Amino acid sequence: MKKTILTTAAVLLAAVGGIAAKQIDIVPRPLFMEVSDSEEFRLSEPLALRVAVSELLPAARIFAGQLERIVSFEPDVVCGKAKKGAVNIVLDRKLAAEEYRVEVSGQRIDLTAGSPRGAFHAMQTLRQIAACCAGEGETVIPALRIEDKPFFAYRGMMLDVARTWVDAPHVKRYIDLLSYHNINKLHLHLSDDEGWRIEIRSHPELTEIGGFRGGDSPVRPIYGKWDEKYGGYYTQEQMRELIAYAAARNIEIIPEIDLPGHSRNIASVHPEIRCNYRPDTVSTCGYDYRSAWCVAREENYALLEDILGEICDLFPSEYVHVGGDEVDMSQWKRCPDCQALMAREGMDDPHRLEDRFMERMSAILRSHGKRTAVWNEAVRTGNLSRDTRVHGWESTRACLDATAKGYPTIVMPGEYFYFDMRQSPEEAGHNWAGIFDARKVYSFDLEGVGFSEEQRRHVAGLQGAFWSELYSAHEPERPDYLDYMLYPRVCALACLAWSGNGDGWVRYYEELRTKHYPRMEAMGIRYRLFPPRLVCRDGVCTVTADDGSEIFYVRDDRPGEEFRYTGPVRTDRPHLFRFFTRRGTGRSPYVADRSYYRT
Ligand code: ACM
Ligand code: ZN
């Protein structure tokens, strides 16, 4: 008898082939899964992982290490033809790049994929199955067939390492966690007003000076850190290692050098790139706060060729992101050289200067075999060529506009996908794009927010973002700040981008609580909990955390009054409660919203 599963992530293997009842949970859920009671496959020693081509070796070695932790012996990884008794990993170019199949029988396990990227997913799916089937003795995998492919080819996260420096080991951990969620693009925001984070060998001063703030650096520190010099940068060697580390986990790193605005940092190191007038520095403690490159200064393009040339050589990604957001054009309006350029070229709008600048960046990238990616402001005039990829961040409307113009667009409007936003009014984070949690992320619906069928064809994918202006402020008291801001919002994004949100929130929330929370705890992710549920009757309220754990600590909002809480609490006036739960990694902190608890 066969069980065909199309709509559920979990399969209860009730005594299939004599195995004790086990659940197979695969996240994100595959498109198709069929389990049968035919003979199962035993993961027993010796076991070979046989890859058809050497390209598959790096991901197979990672997989072997993961399997070892499940089955307690190390499988051999060999390159060669598929065989009985082995886990065979082969490519079938008829499948789409990330499409894959998993077939398990008593004789063998076959993983088939359209490319090494799909093969990575096939191995990770088998890892999840093995983890579900692991028990006291041998790990026994039931006969099954899985067919799967993602909804969006581009499933990204952006990390701002410019405002707050994030060192290479932390980026690796971040890559590991994203990879577990089938995120396949890591957009690294490598330069901004506050930091330059990637070594440029022809201009070592960019990182040696621009990688650090405070102390004797010309780069202004965050408020209060005047005497402390702090920061860091990636050497090209370190970045090469990160690129390879990410690639082996099916993540492409896309570099961003933010131009022509957000460039105060490089302008602090090379003041000559700025426009040709004396700024007023009285209100800025002597710092020159101008942040834009002068468009009319021809020598600037030689420096930009040096920088982008090295970026193109270093990063294998097809696209290089050159920014284009929030350019302060008042600097160009005050610059006699930019004004003369506008007059010469008959331009009546400074946005044309940004077009001109970006066209030159695209020409540099093209000459190095790359394509251009930009923030949505850079295509406001619609003059950039249609092979420019747009990251729509300002609003859903900006994404609608870019797709209406025919640009391939990464949809990441701040009000759904900026994970530096607060998750409730009383919690940490920004709020300019909104206050939202994973539920809102999960709810995003292209059609629902107005994308026509034609516009949807131009949507290249979805992306979340974490901007780090507040990260360094919170880090000393909350080293888990990044985890707390990202998870479970990244889980919701990953589900949306891989398999969609057709299950609806109620079911997905149940999946979060019962499957993702324990998984994230096992992975050491210090995720954020949803508000504890407060049930009040006759002014007596009971509080339960959304992971089902007991609330054991509550802080009253009266200054200096803290008390342990173990039972129902009488609340006859508003309280601010601070909850800590017992489970797993210790504490999943949540600061409750006052109004939520008003009784
Ligand atoms: C942005 O958030 N300025 C791209
Ligand atoms: Zn100028």
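For ligands, and for the atoms within them, numbers begin at 1 and follow the listed sequence. Predicted, not measured: the structure shown is a model, and the values here were computed from it.
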List of N/O pairs, ligand 1 versus protein, all under 3.5 Å?
| residue | atom | partner | partner atom | Å |
| --- | --- | --- | --- | --- |
| ligand 1 | 2 (O) | Tyr418 | OH | 2.7 |
| ligand 1 | 3 (N) | Asp325 | OD2 | 2.7 |
| ligand 1 | 3 (N) | Glu326 | OE1 | 3.1 |

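- Side-chain contact, Glu305 with His368: a donor N or O sits under 3.5 Å from an acceptor N or O.
- In the model, Arg528 has no side-chain atom that pairs as donor or acceptor with a side-chain atom of Tyr487 under 3.5 Å.
- Between His262 and His189, the two ring planes are perpendicular [angle over 60°; tilted spans 30° to 60°].
- The distance between the ring centers of Trp165 and Tyr230 does not fall below 6.0 angstrom.
- Here 4 is the count of protein N, O or S atoms positioned under 2.8 Å from the Zn ion (ligand 2), waters not counted.
- The aromatic rings of Trp467 and Trp375 lie tilted to each other, with the angle between the two planes from 30° to 60°.
- Salt bridge Lys172/Asp176: absent, no basic N to carboxylate O contact under 4.0 Å.
- A donor atom on one side chain and an acceptor atom on the other are not found under 3.5 Å apart for Thr281 and Asp288.
- Between Arg163 and Asp160 there is a salt bridge, with a side-chain nitrogen of the basic residue lying less than 4.0 Å from a carboxylate oxygen of the acidic one.
- Side-chain contact annotation: Asp193 with Asn265, donor-acceptor N/O pair under 3.5 Å absent.
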